[in-house]
Amino acid sequence: MTENEKLSGALKETGSFTSIEELMKFREVTEDAAMETAQSAMPVVQEEERINAKSKKKTRHEKPKRKRRLWLVVIGRLFVLLLVFVLSVVALLLGIVGVVCKGPSPAMRDKLVTTMMETSAAKFVAGIYLSDEEIQEILDKNKLVEFTEVTEPVEDFVPPAEDVDISDIEIVDVTGPTYRGKMMIVQDPSRVQLATLSAYNTEAGGKRVEDFVKEAGAIAGINGAGFADEGGVGDGGTPVGIVIHDSKLVYGVPGSVGDVIGFDQENHLIVGTMSAKEALEKNMRDAVSFGPVLVVNGKAAEVSGTGGGLNPRTAIGQRADGAVLLLVIDGRQAHSIGASYEDLIHVMLEFGAINAANLDGGSSSLMVYEDEIITICASLYGSRKIPTAFIVK
């Protein structure tokens, strides 16, 4: 069928047009209008497609953002809960301290106050409830009475038992009502030496016991004397008192007087109050300042009151046969609250010490043996940096 025949048929069906030309003109107008409508609709459709695409993209990006926001909310709430818990525990502990400090038991109060005052970081707690005068009165009543004697070394050590090997190192568990710890018995006193820093008061600070032991190629070690530790954040680089190493005064001044602990050239442990000059005159090869002295010439220190608080402890002693006693007591732990100075005296006498003294304790107390820490450090951050250590070669 031709195009004209199709148009004639359409003209007859509609009956609205008088001629084929009129019908063709109508169709042209209609097609133009349809094309214009389609063209005008295209931007709208494209805009809708663009909006839909943008919306989908935004939704994809918003999903991980919502997840991140949800995690932040969860973490924030957990942090708040933890903070509330910590503050509640602190408030509870402060309340307990207040009850003990102001309660009916002077013995419990004295034990608590002496324990806190022996720390670097918790001294302030006692001051919340007690005046400085009250605290000092408690400390004066609960301590070791200072010795006026100094070790008088014998010419020769008592011969050890026949079954004792001079090269032996023995480690023994020690226990008491409030403490657990380790006693290391070194049969040959010449093996016990003082490890020191190459320089003091530097930015590098001190070293850990395990570092002293490793660097010296030693088999064991314990922490030595104290150091400047204001607020419990000292870096271990500034000793308290004097340090004598290889018969030379490497830190401190010759005239400074205090409790001195160390070994002479014949490997006798010397303890007592003296100046650095006097210590050198006694031919001391290695020595530090600390205390209190626990046993001198076989005589135990006199205990006043509670004999000190309950804390982690480190002490050094020597038997009549020359064997060196290295003692570390765990403290501030569930299994071991700590020991008092009186406890240290009892342990040292039990192991046969004729001379003994307390070394730095608290979070510094630590014993290392064969590359392992065999006691539990009280510090939350692990073993601390210190200025000196007694090591076993």
Side-chain angles (χ1 to χ4, degrees), residues 86-146 176-181 223 225-234 236 240 259 290-292 294 301 303-315 327-346 357-366 375-384 386:
V86 171
L87 291 176
S88 300
V89 171
V90 170
L92 177 62
L93 292 175
L94 289 175
I96 293 173
V97 171
V99 170
V100 174
C101 287
K102 296 297 184 179
S105 174
M108 287 185 64
R109 177 203 63 196
D110 292 356
K111 182 64 75 175
L112 180 63
V113 171
T114 52
T115 297
M116 290 186 295
M117 295 305 295
E118 289 171 359
T119 69
S120 297
K123 285 182 171 67
F124 73 94
V125 177
I128 296 175
Y129 303 100
L130 301 170
S131 66
D132 292 343
E133 291 75 17
E134 289 173 316
I135 292 172
Q136 191 58 52
E137 183 180 353
I138 291 170
L139 296 178
D140 290 340
K141 291 190 304 182
N142 299 276
K143 62 180 183 178
L144 299 188
V145 178
E146 290 185 10
T178 62
Y179 62 86
R180 300 287 186 275
N223 61 292
F227 54 94
D229 192 26
E230 188 67 30
V233 294
V240 173
D259 285 340
F290 213 70
L294 305 172
V303 178
S304 173
T306 63
L310 300 177
N311 278 300
R313 304 286 185 187
T314 301
L327 175 64
V328 173
I329 299 292
D330 294 336
R332 304 170 192 167
Q333 312 286 333
H335 74 284
S336 180
I337 299 172
S340 66
Y341 295 133
E342 185 174 20
D343 292 327
L344 297 185
I345 292 173
H346 289 161
N358 177 66
L359 293 170
D360 191 20
S363 57
S364 299
S365 287
L366 199 74
T375 56
I376 299 176
C377 181
S379 172
L380 296 174
Y381 312 104
S383 56
R384 297 194 65 186
I386 57 177

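What you see is a predicted model; the values in this text were computed from it and never measured.
Remark: side-chain polar atoms of Asn358 are not paired, donor with acceptor, to backbone N or O of Ala315 under 3.5 angstrom. Checking side-chain atoms of Thr178 against main-chain N and O of Ile337 turns up no donor-acceptor pair under 3.5 Å. Judged by distance alone, the side chain of Ser336 and the main-chain N or O of Gln333 form no donor-acceptor pair under 3.5 Å. A donor-acceptor pair under 3.5 Å is absent between the side-chain atoms of Asp110 and the main chain of Ile138, judged by distance alone. A donor-acceptor contact shorter than 3.5 Å is absent between the side chain of Ser340 and the backbone of Gly308. Checking side-chain atoms of Asn311 against main-chain N and O of Thr115 turns up a donor-acceptor pair under 3.5 Å. With Asn142 contributing its side chain and Thr306 its backbone, the two residues share a donor-acceptor pair below 3.5 Å.
Shown here for Gly331 and Ala378, the closest heavy-atom pair between the two residues is O-CB, 3.7 Å. In terms of heavy atoms, Ser365 sits closest to Gly361 at OG-CA, 3.1 Å. Minimum heavy-atom separation, Ser383 to Leu366: CB-CD2, 3.5 Å. The shortest heavy-atom contact between Val113 and Ala126 is CG1-CB, 4.4 Å. Across all their heavy atoms, Tyr179 and Gly338 have their closest contact at CB-O, 3.5 Å. The two residues Cys377 and Ser363 have their closest heavy-atom pair at SG-O, 3.4 Å.
Between Asp229 and Arg384 there is a salt bridge, since a side-chain N of the basic residue sits under 4.0 Å from a carboxylate O of the acidic one. The pair Glu118-Arg313 meets the salt-bridge criterion, with a side-chain N (NZ, NE, NH1 or NH2) lying under 4.0 Å from an Asp/Glu carboxylate O.
Side chains of Asp360 and Thr314 form no contact here, defined as non-hydrogen atoms less than 4.5 Å apart.
In this structure, Arg109 is not positioned above the aromatic face of Tyr129 in the sense of NZ or CZ being under 6.0 Å from the six-membered ring centre and within 45° of the axis.
The structure places CZ of Arg332 at 14.0 Å from CD1 of Ile376, a figure rounded to the nearest 0.5 Å. Taking CD from Glu342 and CD1 from Ile345, the interatomic distance works out to 7.0 Å, rounded to the nearest 0.5 Å. The line from CG of Leu294 to CG of Asp259 is 10.0 Å long, rounded to the nearest 0.5 Å. Note that the CD1 atom of Ile135 and the CD atom of Glu133 stand 9.0 Å from one another [nearest 0.5 Å].
Judged purely by distance below 3.5 Å, without hydrogens or angles, the side chains of Asp132 and Gln136 never pair a donor atom with an acceptor atom. Ser364 and Asn223 form no side-chain donor-acceptor contact under 3.5 Å, judged by distance and modelled atom types alone.
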Practice item. Would you sort out whether Phe227 and Ile386 count as a side-chain contact (heavy atoms from CB on, under 4.5 Å), showing the intermediate values? Key: CA-CA 7 Å; Phe227 54 94; Ile386 57 177; 3.8 Å; yes
Practice task
I would like to know whether Ile329 and Arg180 meet side-chain contact (heavy atoms from CB on, under 4.5 Å); could you show each step before the answer?
Solution key: CA-CA 6 Å; Ile329 299 292; Arg180 300 287 186 275; over 6 Å; no
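Annotation: Glu146, atom CD; neighbour count of heavy atoms from other residues, nucleotides and ligands within 6.0 Å does not exceed 12.
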